[in-house]
Every structure is written in C-alpha cells, then in structure tokens.
Amino acid sequence: MKSEYLTLSDLGRVLKKRWMPILAVTLILAVLVAGGGLLFHAVWESTSVFYVRNFQSDAYLEQYGLTSSQLAVIQTLAKDYAELLPQSDVFLDRVVERAGVVGLDRSTLRDCLRALPDGTSFRVTVSHTDAQLALHLSRVIEQEVPLYIQETVWPNLQSAHTSVTLLRASEGAVKVFPRPALFGSIAAAAGALLTYIYFLLRFLFGNRLEDEEEIVRALPDVPLLSSLTLPHSGADDALTALRTAYLAALGKEDGAVIGISSTVMGEGKEELALALAASLAAAGRSVLLVDADWHAAEPMLPVTSAGLSEVLGGSAKSSAAIERGKDGIARMSRGKVPATGADLLACPAMAACVTALRAEYDDVLLLLPTLEHADATVPATVLSSYLLAVRPRICCAKPLRGAASRLSSLSCRLLGTVAVHEAKELPSEPT
C-alpha cells in the first residue's frame, strides 16, 4: 500500500497523471455503445393517460373537493385498473378486434402493453418496433378503456357517471430504444468514472512507485535529493542539483563516508555512484569510489590484483588497491569475491580501513549490496550516511519503507533518496 490516507490534492493528481487512459476508455465505450445501438431495431412508445373520476358531480367537487378517504379510494381504483387491463383477455380481445391489424393477437398485444398507476390516474403505454402501429393501438385503447371499465366493473352505473375518462391522449410515438446519444453519453460517463476509480484505488493500494511524488509519499520524512536520467551526457543540470542537495544535506561534515544502495537490483545504484563521484570531482572535491558489492554479477569497477577484499583480508594495503584516474576520481575495486563476503562489511578491518580513508578524501562513496541482502548494511560507526537509488516503476513502497526502517533500527542515517530514470534509446541518425 503506497499510502494510508487520501487527500483532496491526490484526487487531482491522479486525474492529471491518468487523463489520457481515462479519456481513451471514455471515447471507446461511447463509440462502442452508440454504434452498437444501431444494430438493434428501434422501439417506439405511445402513452395515454386516464383519469379515475369520483361519482360526485363536477360542480360538487369544484366546491367541496375530495376528502382523504375519497382520495384513497380513487388511488386504489387507479392501481386496480392498471393491473386489470394487461391481464384481462376480454379487454385485449376487444382491442385486437377493433384495431383490425393483421397478425396481431392477444398474446402479442399483452407483450406490447404496459399500465402503471399515477395517483388518481393511470398510464397505458404501447411499445412496438412500428411507430405507426404503436400510435394506432393507443388510439384504439383510448376508446376502449373507458367503455370496458364502465361495462365490466360498473355495469349498473348510469352512463352519465363514467368512472374513467381520457385525461391526455397520446401525442405520438416516441423512440425509446436505441438512443445512441443518450446511451453513448451514459456509457462514456460510467467508463470515465470507473476508470478513474480504478486508478485511484491503484494509487492508494498499489505497491509499485510510479514517479517522484509517490517516492516522497512513501517516505515523507526522507528528502528526495534529485531526479536523474542516467547514463548522463556531459554537463547535466540534474547532476549539479544532486551535488548541491547532497552537500547541503551533508552539512559541514568532513571526510564523509556515504553508502550507496537500493532496495533491489536494477535501480541504478552503480550509475548513481559513478555520476555522483564525477560531479563531486568536477567541483574540486577529492573523491574515492569503492566497490563493495560482492553480490553483483558484474563489478562496477574493473577488478584488479588488489581490491577491497584483499585489503580487508590483510593481503594488500589500501594504497596499493587505489587507482587514480585522469578525471580526478580515486577508485578501489571490490577485488576477488570472498567466500565470507557477508562478514567483511561489519568486520573490524572495514572500520579501520574506512577511518584511514576518510582522513584522506572529502568524500568516500561506498557502493553496497542491495538492502535485500543481510550483509548490505554497514554499522553506523563506519558510515556517515546512506543514499538510496530509487527507480520508479521498479521500486515498491513496502520494500522501500522496510529498508528505511531497517537503517533506522541500526541507527544509520538516511541522507536521502535519488530517483534514477533510465535514458531512452535515441533513434539512430540516417546515414
């Protein structure tokens, strides 16, 4: 889980980062649903509204109105009439006979008919793929409903007191399906919302860190010193910014011994160590770069006859293992891979070696194994600070927090993190 909480700014941040896939899903769903709707037959609806009358005269109702009990009775009647019409074979047969449509029978009409109560009235709707037929059936129903209810429900009622009258005749058939614009808009809105929620949950509960903001979110108490694209080329403002941030975080400490590591392999700690050493040397500082990562398949520095393992084993002196390059950087290779490499970084000889070297150099950069290894940490009495290389989309929040917690439990200072991006391959120039 990247974070235990979600802020309002996170909502905008997720939208800002993921607006392109959200827009893509929105457009795709809108086109698919709107275009797919054209494959279906159109459905048309024609609706008529009928009013349930009270048996009082219009003059009486206008003067005194309805009591609550009378209103309840009328509403009940409206509900009963709405349920009666689609179920009554007699009513359906009367409509079929009066409509005179070839191929129309009772079963077909029942499938097309829908009646719903609405207070003191009820609506009768006819649905059909033929708009003219739907309207024609509504006209027949408008005539048959009052007659049928009068003759069936109230056979002894005087014709002057009709219980149901037509309140509003159908104004024409309305297309209800498919409606490409409406359905496409609904699909687009639903797709945008669901895609946004997906990225929001991924941001909150995902483990992989995608960018610098998420690195800072994972370790809010640890400064992000810089963001680099490595390998770099020539003068790089990002390297200058890293050097400035590094020196500011280091303070006035002389002879700093910095352990450079990462949570897993492939995050660019070797490139970070080489780039930082070059930047510090370019600023006139004396720098020693030491390869102490015996777990790496390939060494960062070419292995010489005398390296760190030989110095710690007592078979060579540190001065013999250091090579000074024309770029102003002193280098010490890891030497031959020792059988007991797990014990070398914490042995007394390591502390003595580092103590002697820090007196000769402004900065001693020690490349360490990744922190997933048991021997990746050097006692706080040996190192000044740790610097972690973090590669977005490779590093995960949980291991990064675990590494910081492990260093804290050993009283090791975490100087900061550096986001290391891999340079994209440039297209070759045409010959």
Side-chain angles (χ1 to χ4, degrees), residues 2 9 13 16-17 208-264 266-291 300 325 327-331 358 361-368 370-371 383-395 397 400-401 403-404 407 412-426:
K2 295 179 184 177
S9 61
R13 184 179 298 115
K16 182 179 179 181
K17 291 180 182 177
R208 196 174 304 278
L209 301 175
E210 299 291 338
D211 53 30
E212 288 79 358
E213 291 180 354
E214 294 188 3
I215 295 174
V216 174
R217 185 71 175 269
L219 293 179
D221 298 328
V222 179
L224 178 67
L225 299 185
S226 183
S227 178
L228 300 178
T229 299
L230 299 176
H232 67 96
S233 58
D236 193 336
D237 292 339
L239 282 178
T240 303
L242 171 61
R243 182 180 68 228
T244 302
Y246 163 83
L247 295 175
L250 204 58
K252 298 181 179 180
E253 182 178 355
D254 295 326
V257 181
I258 307 299
I260 299 177
S261 185
S262 60
T263 58
V264 294
E267 294 196 65
K269 60 185 177 68
E270 296 86 355
E271 292 87 347
L272 173 60
L274 292 170
L276 180 59
S279 181
L280 292 172
R285 294 176 67 86
S286 58
V287 181
L288 172 63
L289 183 59
V290 181
D291 186 357
M300 177 182 65
D327 54 3
I329 303 174
R331 296 172 174 83
R358 73 190 306 169
Y361 296 92
D362 294 328
D363 303 279
V364 178
L365 304 183
L366 198 63
L367 180 69
L368 298 174
T370 57
L371 291 173
L383 288 183
S384 304
S385 304
Y386 272 82
L387 191 62
L388 292 183
V390 180
R391 176 157 290 175
R393 300 185 180 180
I394 291 182
C395 183
L400 184 60
R401 291 196 191 100
L407 294 178
C412 297
R413 178 191 176 193
L414 182 53
L415 189 67
T417 60
V418 178
V420 180
H421 298 271
E422 186 176 5
K424 297 181 179 179
E425 296 184 358
L426 298 177

Looking only at heavy atoms, what is the nearest atom pair of Pro392 and Val420, with distance? CD-O, 3.7 Å
Are any side-chain N or O atoms of Thr244 and backbone N or O atoms of Thr240, one a donor and one an acceptor, separated by less than 3.5 Å? yes
Would you name the heavy atoms of Ser384 and Arg358 that are closest together and state the gap between them? OG-NH2, 3.1 Å
Using side-chain heavy atoms (C-beta onward) and a distance below 4.5 Å, is Leu219 in contact with Val390? no
Looking only at atom types and distance, does a side-chain atom of Ser262 sit under 3.5 Å from a main-chain N or O of Thr370, one as donor and one as acceptor? no
Testing the basics here: between Thr263 and Cys395, what is the closest heavy-atom pair and its distance to 0.1 Å? OG1-SG, 3.7 Å
Between Arg208, Arg13, Lys17, Arg393, which is the residue that forms a salt bridge (charged side-chain N to carboxylate O under 4.0 Å, His left out) with Glu214? Lys17
Polar side-chain atom of Ser286 near backbone of Tyr361 as donor-acceptor pair, under 3.5 Å: no
Between CD1 on residue Ile258 and CG on residue Leu250, distance to nearest 0.5 Å: 5.0 Å
Here the gap from Leu288 atom CG to Asp363 atom CG, rounded to the nearest 0.5 Å, amounts to 10.0 Å
Show the nearest heavy-atom pair for residues Ala273 and Leu365, with the distance to one decimal. O-CD1, 4.0 Å
Drop me the distance from Leu239's CG to Thr229's OG1, to the nearest 0.5 angstrom. 9.5 Å
Spatial distance of atom OG (Ser261) from atom CD (Glu267) [nearest 0.5 Å]: 9.0 Å
Please find the pair of heavy atoms, one from Ala238 and one from Ser226, that lie closest to each other, and give the distance. O-OG, 3.3 Å
Side chain to side chain contact (heavy atoms under 4.5 Å, CB included) evaluation trace for Leu368 with Leu383: CA-CA 11 Å; Leu368 298 174; Leu383 288 183; 3.9 Å; yes
Leu247 and Arg285, any side-chain heavy atoms less than 4.5 Å apart: yes
First locate atom CG of Leu387, then atom CZ of Arg413, and finally report the distance between them rounded to the nearest 0.5 Å. 10.5 Å
State, to 0.1 Å, how close Pro223 and Leu415 come at their nearest heavy-atom pair, and which atoms those are. CG-O, 3.4 Å
What's the spacing between Leu272 CG and Ile260 CD1 if we round to 0.5 Å? 5.0 Å
Student check: side-chain heavy atoms of Leu242 and Val418 closer than 4.5 Å: yes
